[in-house]
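Contents: one structure, followed by commentary.
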Amino acid sequence: MYPDGAIEGGGDHMMDLSFTLDGEDVSVTVDPAKPLRDVLREDFDKTGVKVGCLSGRCGVCTVHLDAHAIKSCLVPVGKVQGRTITTIHGLTEGDDIHELQRAFGEAFAIQCGYCTPGFIMTGVEYLTEADMVDRDDIKYALKGNVCRCTGYEKIIDAFEKAAGISGGTRQPDD
Amino acid sequence: MVVIGTSTEKTDSNLKATGDAVYGSDLHRENQLYGALLRSNQPHARVESVSLDEALTVDGVVTGIGRNDLLGQFDDRVYHYGDVIAAVAAETPDIADEAVRAITANLSPLESVHDPFDALSADAVQVQENNLDQHQPRHHDITVDNDDFVLNIDDYHTQEFGDVDHALQKSEYVLRERYVNPRVNPCNLDTHCCIAEWEEDVLILTESVGLPREAEKFLAGFLGLRDEQITVKVPPTASSSFGARSLPKPSLEPVAATLAKETGRPVKLWFDREAEFTATDNRHKTYYDVEMGLTDDGVITGLRLGVVADTGPYPNGVGHIVLMNSRDRPLDLYKIDNYEYEGVSVFTNNLPSGEYRGIGSTQLMYALDSHIDEMARQAGLDPIAVRDANFVEEGYTPAYTDNPIGSCGLAECLERAQLRFDELRSHDANDRDIVRGWGVGANAHTTGLGHEEGGDATEVEIRFEPSGEVQIYAAAIDHGQGSDTVLGQIAAEELGINPDIVTVNRFAPDSDLEDDYGSVASRSTYIIGAAVRNGARKLKRLLRERAAERIGVDVSEVNIDGGSVATTSGERRPLSKIVGDSEPVIQTTASAESNLTPSAYAIDFAEVEVDTATGTVNVSTFVAAQDVGFAINPKMVEGQIEGSILHGIEFALYSEVQLDQGTPQNANLAEYPVISPLEMPDSVECVLVESNEETGPYGAKGVGTPSTPAVAPAILNAIRDATGERFTRPPVSHEAVYRAVQD
Amino acid sequence: MTSNQRSSDKYIRPESLEETLQLLANSPTGAKVIAGGQSLMLFMRQGLLDPSQLIDITGVGRLAGIEINDGTVTIGATTSYQQIESRLDEQFGAVLDAVKVIADRQVRNLGTIGGAVARADPALDILAPLYCLGASVTVRDIERRRVIPIDEFIQGYMDTALRDGELLQTISFDVPSSEEGSAYVKHAKIAGGWATVGTASSVSINGDRVESLQVALSAVGDTIVRATSVEDALIGAVGSPENVGDAVENLGEDIDPIEDISGSASYKRSVAKNLTQRCIQTALSRAVGTT
């Protein structure tokens with residue numbers, strides 16, 4: 001199967017969908033059972049949403065659905081009707097980058113970089129919700145994202161750095 | 001200005017962190033088609049017929065091609081699960097997939113062979129003729145000196161020094177054991193992807209390949225084209241490799257090239273995860289028969305190594321590397337006077353094997369380190385002391401070469417790693433459900449390709465742009481290891497400028513600059529870095545001359561530092577102001593070469609905790625010391641070492657592509673374990689040892705490959721310590737460990 | 001959705017319970033309810049399922065959320081693991097333990113408790129704790145509602161009592177008392193992986209004696225398996241480590257694991273015994289408040 005191919009071909013089930021994507025209202029006509037990931041790449045050129053597996057393991061396709069980190073290969077695009085999707089491209093506005101993105105660079109958490117957008121998307125949700133950040137907790141939060149280059153050590157360093165920038169200990173989730 | 005030896009941030013981190021980096025799989029060509037393949041579900045079969053009729057009726061399908069009609073050396077047999085039967089090109093990926101499902105292929109199963117020992121015998125089914133030449137790199141004639149090795153011989157090497165029989169007879173301890181490593185896959189997250197385009201009779205391929213020029217030659221031979229008819233371009237951002245992106249793959253470039261030729265349009269072919277497992281590079285499953293003698297004092301008297309590597313069905317020149325590293329690397333690490341070696345790589349109908357971080361060395365050191373450790377423990381000797389008693393040192397000349405060792409940080413690695421390990425490891429012995437153990441592993445691995453015929457050489461171009469920026473054109477490909485950053489640091493150091501204004505580029509495919517290899521074999525810093533250093537020194541001289549001319553003083557009165565031109569009279573002005581807009585552009589080329597392959601060394605210590613209720617093994621502490629010569633960017637060196645630890649842990653404890661008569665049982669990331677942060681050691685520390693290799697730039701030698709081989713044996717030796725059992729067929733399952741702790 | 005947009009029968013996201021039940025009553029053969037979709041997408045990709053219609057129930061407000069009333073916890077079918085983790089406290093030890101070892105953060109954000117119960121795969125971690133807590137499953141169709149104990153609702157391997165036209169609405173169980181403690185312990189080859197064996201227990205104590213005990217195991221049979229012989233051996237006895245150790249020796253009579261990629265049957269028996277011992281100890285310590 002083509003890595004960014006749909007699970008079913010054919011055009012008899014096409015459906016019009018509208019949703020908010022990286023701050024813009026968009027619409028598309030598409031097979032609703034097609035993985036969200038492939039629609040984001042093919043129809044909206046969101047190539048920061050990466051393709052690594054089709055089994056929900058690697059996490060390189062992680063985006064936010066209504067502010068929750070999800071794996072976009074495991075979501076049929078029909079599910080996003082009327083909802084809000086944020087990819088790595090919509091994480092910040094203008095030239096600003098998120099403190100976690102900056103921390104990834106400073107901590108040497110990026111080698112080939114293919115996993116990085118997925119880690120950032122999982123991590124931004126985690127850092128927003130976590131009331132305590134320590135190394136064990138970070139490891140647990142990141143087990144759905146695979147990195148083949150770094151051995152994760154410097155990725156965890158980046159999370160500590162980012163948490164430190166914003167005060168380290170966070171308020172409990174509300 | 002001191003730029004080298006400091007952890008300068010990677011030049012591409014913002015691009016990658018924002019999702020804006022463009023990898024090969026993100027590229028689109030105007031008017032592009034999508035390729036898709038029908039792959040074999042049988043390990044060996046004759047393709048009797050392929051019917052594309054129905055596939056071609058699918059709306060949006062442009063062409064379909066059976067195996068026989070593919071460009072290149074394809075015949076009417078499929079040789080492994082995942083081998084190509086037919087291919088289509090279509091307007092969208094979905095349509096291409098649909099068309100593949102509509103292809104009908106009639107296959108007649110052929111007898112297949114999966115055990116490499118069986119494959120060697122006279123009555124085996126012949127997968128390929130002996131010493132088959134498909135224009136793969138490093139092909140050479142062989143003379144086989146073993147009556148048991150008759151068929152399916154890909155490559156064959158022997159070596160002999162001294163008298164092993166005699167040495168073993170005199171030894172107090174002799175042990176013989178077989179070690180087999182798992183068939184592991186690097187699992188690059190970005191799967192292989194290639195865009196093929198023809199401009200008249202020239203094939204242009206765009207893909208992340210570590211060895212573009214070698215790939216061009218290989219493919220020209222395989223496809224029957226002249227060398228100048230193939231150009232391989234590297235995408236804006238190269239994908240990770242770990243070796244697996246060094247060479248072309250039979251079902252990638254030739255198939256994309258055929259589809260593009262048939263349609264006259266660009267064709268993008270992107271492997272799915274199963275193809276990544278079944279049609280790219282897995283580490284050679286290799287069988288090591290190790291026989292070694294030891295004196296009472298733990299001195300190695302002699303070593304006999306028999307090596308059988310499962311190459312899979314196609315020759316790609318990598319079996320040669322496995323056998324060569326298995327042959328020579330023991331002598332780079334230990335002083336061994338009596339040595340016998342025989343190695344053979346074997347064609348089978350298993351999945352193709354290829355390059356993966358520490359080709360041959362990773363397998364070898366697992367076997368050798370396990371064996372020495374076992375002998376020490378059986379003899380009641382300290383495993384650390386036994387290694388120390390046999391390690392090579394500066395000035396020692398291994399038997400296979402005339403070149404004495406120029407730099408060797410083994411002793412310092414051992415001392416500092418042990419010290420740090422003792423501080424970090426748990427001394428808590430009170431948990432009754434946990435058994436702890438510790439182990440050590442060692443490695444020596446070469447830097448660069450100086451051993452290749454004609455040595456290793458490279459050229460670079462370096463330019464001072466009117467904008468005041470420095471552009472470097474070099475052969476390095478930054479797969480993420482950070483070569484662009486390191487080469488920029490070197491230039492900045494020499495030029496006395498800020499590294500921010502240096503950009504490192506992959507030179508154009510048609511460049512006149514010489515370099516046959518690209519980024520492989522841990523050569524980027526050692527040989528390309530040396531060329532950049534030489535080029536920057538030449539450029540600095542040219543800049544000083546131009547500045548002196550502009551200011552109107554003698555060149556001896558001008559220096560460049562901190563991005564400024566300073567004169568002996570005390571005048572100080574920005575470099576770009578003096579020479580920035582001057583014509584012609586100031587530029588130079590430079591080269592570096594080496595006939596040497598200085599070893600980098602590693603000593604790793606591991607502590608494991610075995611849960612006696614389940615056999616679960618947790619790597620609690622890991623200390624990796626590595627002699628890197630000189631660390632130009634220490635944090636990036638650590639990153640290489642830490643990444644190696646992950647790959648070594650998978651090898652020792654988790655991962656294997658499981659085959660049943662050649663058919664993979666877990667060729668996906670749901671079932672093949674790629675480990676998460678939770679399987680990494682609770683505590684990891686890198687110790688960087690700098691032995692100052694005189695032939696390397698600033699004393700540096702290779703990093704990425706040498707850090708890998710010692711990891712798995714350190715862990716397996718720790719499990720031996722904890723459980724009393726020696727595991728010789730990793731990955732070690734929890735069940736096997738559970739049985740060991742119950743006994 | 002505006003009126004000129006093309007809708008499709010292939011994917012429907014109703015917004016009320018009534019609408020959902022109407023759809024189910026009239027749905028074509030091959031229609032499939034989708035909640036988080038985390039398993040469904042994989043099944044479809046592997047060709048194990050090819051639904052003609054997907055009815056996405058996550059837009060139905062009444063099906064989501066956790067209510068705690070009169071000593072009963074009621075969890076809506078589309079409540080995600082993440083919502084359970086953030087809402088339930090340590091009192092629900094086994095449920096929390098289980099939720100934390102399921103897959104990963106992203107999957108827990110979408111994966112639902114109702115999806116797991118309806119799938120009825122004995123390897124799913126959340127089920128054994130629900131057996132221990134004596135959970136009930138409420139299902140309904142357009143006409144009536146049924147409340148079924150979970151061990152009757154789940155009838156076999158991936159087989160439930162859910163009928164055509166019925167929707168799994170809620171899962172409920174009693175809030176544990178302060179004398180009760182529960183735990184879930186799992187072995188997997190890697191973190192977040194499928195259970196080799198999972199074991200849940202819920203215990204209440206009176207003085208130093210075990211007053212009640214429920215033990216249930218995942219991944220050792222066609223359904224979740226209650227370890228009644230272990231329960232019988234310990235109820236009424238002092239909850240000492242020795243007694244727990246003796247009691248789990250009986251576990252082999254209750255379970256029937258098969259050899260697979262996770263290990264041999266005999267290994268799984270050993271792990272089940274050892275982890276059940278560990279699990280009961282943890283539940284006991286929670287019951288007496290020592291952790």
Side-chain angles (χ1 to χ4, degrees), chain A residues 1-6 8-10 31 34 38 41-42 46-58 60 87-89 91-92 97 100-102 104-117 120 138-140 142-156, chain B residues 7 9-10 12-23 25-26 34 36 92-98 186-191 193 237-240 242 270-274 479-482 635-636 638-647 668-671 674-678 680 684:
Chain A
M1 185 185 297
Y2 216 74
D4 60 359
E8 276 297 314
D31 178 346
K34 190 164 174 163
D38 301 342
R41 285 179 63 90
E42 292 170 22
K46 300 288 184 184
T47 53
V49 181
K50 295 300 182 197
V51 174
C53 67
L54 270 168
S55 44
R57 171 67 188 98
C58 77
V60 299
T87 74
I88 188 77
H89 302 293
L91 189 60
T92 54
I97 64 169
L100 184 60
Q101 290 172 308
R102 189 171 300 114
F104 261 62
E106 290 170 358
F108 293 81
I110 303 173
Q111 289 188 30
C112 91
Y114 200 78
C115 70
T116 309
I120 299 283
I138 295 166
K139 286 184 173 190
Y140 172 73
L142 298 181
K143 72 178 174 181
N145 290 81
V146 174
C147 170
R148 303 296 296 164
C149 299
T150 64
Y152 302 106
E153 282 295 309
K154 301 222 176 318
I155 290 176
I156 300 164
Chain B
S7 294
E9 189 172 331
K10 284 189 74 199
D12 55 4
S13 44
N14 269 12
L15 188 71
K16 288 174 171 175
T18 53
D20 291 335
V22 176
Y23 299 82
S25 50
D26 298 327
Y34 296 82
T92 72
D94 299 359
I95 296 169
D97 281 340
E98 191 186 341
C187 291
N188 285 298
L189 289 178
D190 192 11
T191 53
C193 182
T237 297
S239 307
S240 64
F242 309 116
W270 190 4
F271 281 8
D272 64 12
R273 183 54 62 182
E274 184 176 292
H479 290 290
Q481 81 277 29
K635 283 284 177 192
M636 283 178 12
E638 285 177 15
Q640 289 294 301
I641 296 172
E642 288 159 1
S644 285
I645 295 170
L646 177 143
H647 291 262
N668 58 73
L669 292 189
E671 292 167 288
V674 284
I675 64 174
S676 80
L678 294 171
M680 284 295 285
V684 173

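The sequence lines fix the lettering, A, B, ..., with proteins before strands; numbering per chain opens at 1.
- When the salt bridge (Lys or Arg N to Asp or Glu O under 4.0 Å) test is applied to B/Glu642, the partners found at least two apart in sequence or on another chain are A/Lys154.
- Remark: side-chain polar atoms of A/Arg148 are paired, donor with acceptor, to backbone N or O of B/Pro186 under 3.5 angstrom.
- The distance from the CG atom of B/Leu646 to the OG1 atom of A/Thr150 is 8.0 Å, given to the nearest 0.5 Å.
- Within the 4.5 angstrom heavy-atom criterion, atoms from both the backbone and the side chain of A/Val146 approach chain B.
- Atom CD of A/Gln101 sits about 11.0 Å away from atom OG of B/Ser13, to the nearest 0.5 Å.
- Taking CZ of A/Phe108 as the reference point, atom NZ of B/Lys10 lies at 9.0 Å (rounded to 0.5 Å).
- Between chain B and the residues A/Thr116, A/Leu91, A/Val60, A/Ile110, the most heavy-atom pairs under 4.5 angstrom are made by A/Ile110.
- To the nearest 0.5 angstrom, B/Asp94 atom CG is 8.0 Å from A/Asp31 atom CG.
- Contacts between B/Thr92 and chain A at a heavy-atom distance below 4.5 Å are absent for every atom of the residue.
- Contact annotation: the side chain of B/Pro93 approaches that of A/Glu42 to within less than 4.5 Å [non-hydrogen atoms, C-beta and beyond].
- Contact of B/Asp26 with chain A is made through backbone and side chain together, with heavy-atom distances under 4.5 Å.
- Residues satisfying the salt bridge (Lys or Arg N to Asp or Glu O under 4.0 Å) criterion with A/Lys46, sequence neighbours excluded, are A/Asp22.
- Here the closest heavy-atom approach between residue B/Leu669 and residue A/Cys58 is recorded as CD1-CB, 4.1 Å.
- Note on B/Asp190, B/Ile641, B/Val22: by heavy-atom pairs under 4.5 Å with chain A, the leading option is B/Asp190.
- Side chains of A/Glu153 and B/Ile645 form no contact here, defined as non-hydrogen atoms less than 4.5 Å apart.
- No side-chain heavy atom of A/Leu54 sits under 4.5 Å from any side-chain heavy atom of B/Arg273.
- With respect to chain A, the highest number of heavy-atom pairs below 4.5 Å among B/Ala21, B/Cys187, B/Ala670, B/Gly482 belongs to B/Cys187.
- Side-chain contact between B/Asn14 and A/Ile97 is present, with at least one heavy-atom pair separated by less than 4.5 Å.
- We find the CG-SG distance between B/Asp12 and A/Cys112 to be 10.0 Å, quoted to the nearest 0.5 Å.
- Ranked by heavy-atom pairs under 4.5 Å with chain B, the first of A/Gly48, A/Pro117, A/Gly113 is A/Gly113.
- Taking chain A as the reference chain and counting heavy-atom pairs below 4.5 Å, the highest number among B/Thr18, B/Val684, B/Asn668 is found for B/Thr18.
- Looking only at distances, a side-chain donor or acceptor of A/Gln111 sits under 3.5 Å from a matching main-chain atom of B/Gly639.
- For B/Ile675, the part sitting under 4.5 Å from any heavy atom of chain A is the backbone (N, CA, C, O) and nothing else.
- Heavy atoms closer than 4.5 Å to chain A are found in both the backbone and the side chain of B/Leu189.
- The contact between B/Gln640 and chain A is made by backbone and side chain atoms together, counting heavy-atom distances below 4.5 Å.
- Taking the side chain as every heavy atom from C-beta outward, B/Pro677 and A/Tyr140 never approach each other to under 4.5 Å.
- Both the backbone and the side chain of A/Leu142 come within less than 4.5 Å of a heavy atom of chain B.
- Residue contact with chain B, scored on non-hydrogen atoms closer than 4.5 Å, involves the backbone and the side chain of A/Tyr114 alike.
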